[in-house]
Asks: 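Below is the structure I would like to discuss, written out as structure tokens.
In this text, all values refer to a predicted model and were calculated from it rather than measured experimentally. Residue numbers begin at 1 in each chain, while the letters A, B, ... track the order of the sequences. We use all heavy atoms of the structure for the numbers below, so side chains are in, but hydrogens, waters and symmetry mates are not.
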2 protein chains.
Amino acid sequence: MNLNVLLNKLKANGYKTTEQRKVILQVLVSNDQNLISVETILSKSKEMNPKTNMSTVYRNLEILEKLDLLYKVIAENGMTLYKLACSDKHHHHLICKGCGKTEVIDFCPLKSLIQLSKEKNFNLTEHKLELYGYCKDCEYNKKQP
Amino acid sequence: MNLNVLLNKLKANGYKTTEQRKVILQVLVSNDQNLISVETILSKSKEMNPKTNMSTVYRNLEILEKLDLLYKVIAENGMTLYKLACSDKHHHHLICKGCGKTEVIDFCPLKSLIQLSKEKNFNLTEHKLELYGYCKDCEYNKKQP
DNA sequence: ATGAAATTGCAAGTTACTTGCAATAAGAAA
DNA sequence: TTTCTTATTGCAAGTAACTTGCAATTTCAT
């Protein structure tokens, strides 16, 4: 995903192209293989445009998230990490606990995933699988409000 | 997992049995099928012992986590939800987005999980699979510091 | 009963993020 | 190109969810 594609998607949704926005997007584009923190996004943005403000970063991340252009992970310490979303196709990630580097994995069944991470020389230490949805009771209550 | 088992595990690790601790554990024990927030733990604890304090709740949760007696999920809004850990055996959960009720699932491959949630009348809407570990580079750096 | 060590409550502090508002910038329309 | 509406920004103050320091209290082995 490059800068202009992103700016066009934003424009198509009524958002304007500003210097600060361009810089923030540029930072995300050039780190599109790694999960990075807001702190990092801010400091790298400031390198390119010193007047970039924290609120602006948060507000732009919020917009990107709303447009499904952002992938977000909440770390164990409660800190939020971001990267640009890569594609609409369903996929998962290998996430390096050392550097935050991510690798896309195109399919789902766990057995094959474990095999795949071996092939990629990724030392898989933990995994977290959370299934969300509605239980029988809540589903019933949704339909009978 | 009942109250006395928990208190004994704590005792075995040098932690004392206090009124507040008992109450907090009791709240967790009686909600062991649901993920609950700290706010809920605190208010339910206060019902049983009005002088229970927020710091005390946090400090006790910290201890339980350190002893691997607690299962913790960080929700999308950044709030942390807890329940007692159920067993040492590797397993996953179905988590209801409505009420936080959890159901244990004993095996792993995703296909069977989807089948299983159907059998349980759980309307699976999303899932999140995150694989953590170390990439080739970080693994190398760990070995050559 | 005594005393060392753990625990607690309180209040103040911290961190990560949010919000209100006035000033500024973007870009469509005139 | 100027005008004008609307989005965007920076700032500073606010909030939510924890965390911490410390003195007072409680537990429990002796």
Asks: Quick one: on DNA chain D, does B/T18 or B/T80 contact a more 5' nucleotide (nearest heavy atom)?
Replies: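 By nearest-heavy-atom nucleotide position, the 5'-most residue is B/T80.
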Asks: Under 4.0 Å between a side-chain N or O of A/N53 and OP1 or OP2 of D/dT8?
Replies: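 For D/dT8, OP1/OP2 do not have a side-chain N/O of A/N53 under 4.0 Å.
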Asks: Do B/K9 and B/Y15 pass the side-chain contact (heavy atoms from CB on, under 4.5 Å) test, and can you show the C-alpha distance, the side-chain angles, and the key distance before you say yes or no?
Replies: CA-CA 9 Å; B/K9 290 205 181 189; B/Y15 298 104; over 6 Å; no
Asks: Pick base, sugar-phosphate or nothing for B/N60, based on heavy-atom distances below 4.0 Å to the nucleic acid.
Replies: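 Result for B/N60 = sugar-phosphate.
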Asks: Is B/R21 near enough to C/dT8 that one of its side-chain N or O atoms lies under 4.0 angstrom from OP1 or OP2?
Replies: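 Yes, such a contact exists.
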Asks: May I ask you to say what A/M54 touches in the nucleic acid, namely base, sugar-phosphate or nothing, with a heavy-atom cut-off under 4.0 Å?
Replies: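 Base contact - A/M54 has a heavy atom under 4.0 Å of at least one base atom.
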Asks: Is the distance from OP1 or OP2 of C/dT8 to the nearest side-chain N or O of B/R59 less than 4.0 Å?
Replies: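 No, no such contact exists.
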Asks: Same cluster or not: A/V38 versus A/L70, using hydrophobic residues (I, L, V, M, F, W, Y) connected whenever any side-chain heavy atoms lie under 4.5 Å apart?
Replies: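 Yes, A/V38 connects to A/L70 through the hydrophobic network.
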Asks: Treating Ile, Leu, Val, Met, Phe, Trp and Tyr as nodes and any side-chain heavy-atom pair under 4.5 angstrom as an edge, say whether A/L69 and A/V29 lie in one connected cluster.
Replies: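 Cluster IDs for A/L69 and A/V29 match.
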Asks: Nearest whole angstrom, please: distance from the C1' of C/dT18 to the CG of A/L42.
Replies: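 For the pair A/L42 CG and C/dT18 C1', the rounded distance is 15 Å.
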Asks: Atom CG of A/L10 and atom P of C/dA26: how far apart are they, to the nearest Å?
Replies: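 For the pair A/L10 CG and C/dA26 P, the rounded distance is 15 Å.
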Asks: Is any side-chain N or O of A/Q20 closer than 4.0 Å to OP1 or OP2 of C/dA25?
Replies: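 Indeed not, no polar side-chain atom of A/Q20 lies that close.
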Asks: Touch check for A/N49, heavy atoms < 4.0 angstrom, all strands: base, sugar-phosphate only, or nothing?
Replies: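 No contact at all - A/N49 keeps every heavy atom at 4.0 Å or more from the nucleic acid.
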Asks: How close or far is atom P of C/dT7 from atom CG of B/N13, stated in whole angstroms?
Replies: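 From B/N13 CG to C/dT7 P: 11 Å.
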Asks: Check this one for me: any side-chain N or O of A/T56 less than 4.0 Å away from OP1 or OP2 of D/dT8?
Replies: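 The answer is no; no side-chain N or O of A/T56 sits under 4.0 Å from OP1 or OP2.
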Asks: Nearest of C/dG9, D/dT9, D/dC18 to any side-chain atom of B/V38?
Replies: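 Output: D/dC18.
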Asks: Grab the NZ-P distance between B/K22 and C/dT8 for me, whole Å please.
Replies: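 The distance from NZ of B/K22 to P of C/dT8 comes to 12 Å, rounded to the nearest Å.
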Asks: Any donor-acceptor pair, under 3.5 Å, between the side chain of A/K16 and the base of C/dA25, if you only look at N and O atoms?
Replies: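 Not at all, since no donor on one side and acceptor on the other fall under 3.5 Å apart.
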Asks: Could you tell me the separation between the OG1 atom of B/T56 and the NZ atom of B/K51, rounded to the nearest 0.5 Å?
Replies: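 Separation between the atoms: 9.5 Å.
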Asks: Taking atom types as they are modelled, would you say the side chain of A/S55 forms a donor-acceptor pair with the base of C/dT19 within the 3.5 Å cutoff?
Replies: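 It does, because a donor-acceptor pair links the side chain of A/S55 to the base of C/dT19 below 3.5 Å.
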Asks: Using OP1 and OP2 only, check whether a side-chain N or O of A/T17 sits under 4.0 Å from C/dG27.
Replies: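 True: A/T17 side-chain N/O within range (under 4.0 Å) of C/dG27 OP1/OP2.
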Asks: Are OP1 or OP2 of D/dT19 and a side-chain N or O of B/Y58 less than 4.0 angstrom apart?
Replies: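 B/Y58 to D/dT19 OP1/OP2: no side-chain N or O under 4.0 Å.
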Asks: Which residue lies toward the 5' end of DNA chain D, A/G14 or B/Y82, if each is placed at its nearest nucleotide?
Replies: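 Its nearest nucleotide being more 5', the pick is A/G14.
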Asks: Rounded at 0.5 Å granularity, tell me how far CG in A/N31 sits from CD1 in A/I41.
Replies: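 Rounded to the nearest 0.5 Å, the CG-CD1 separation comes to 8.5 Å.
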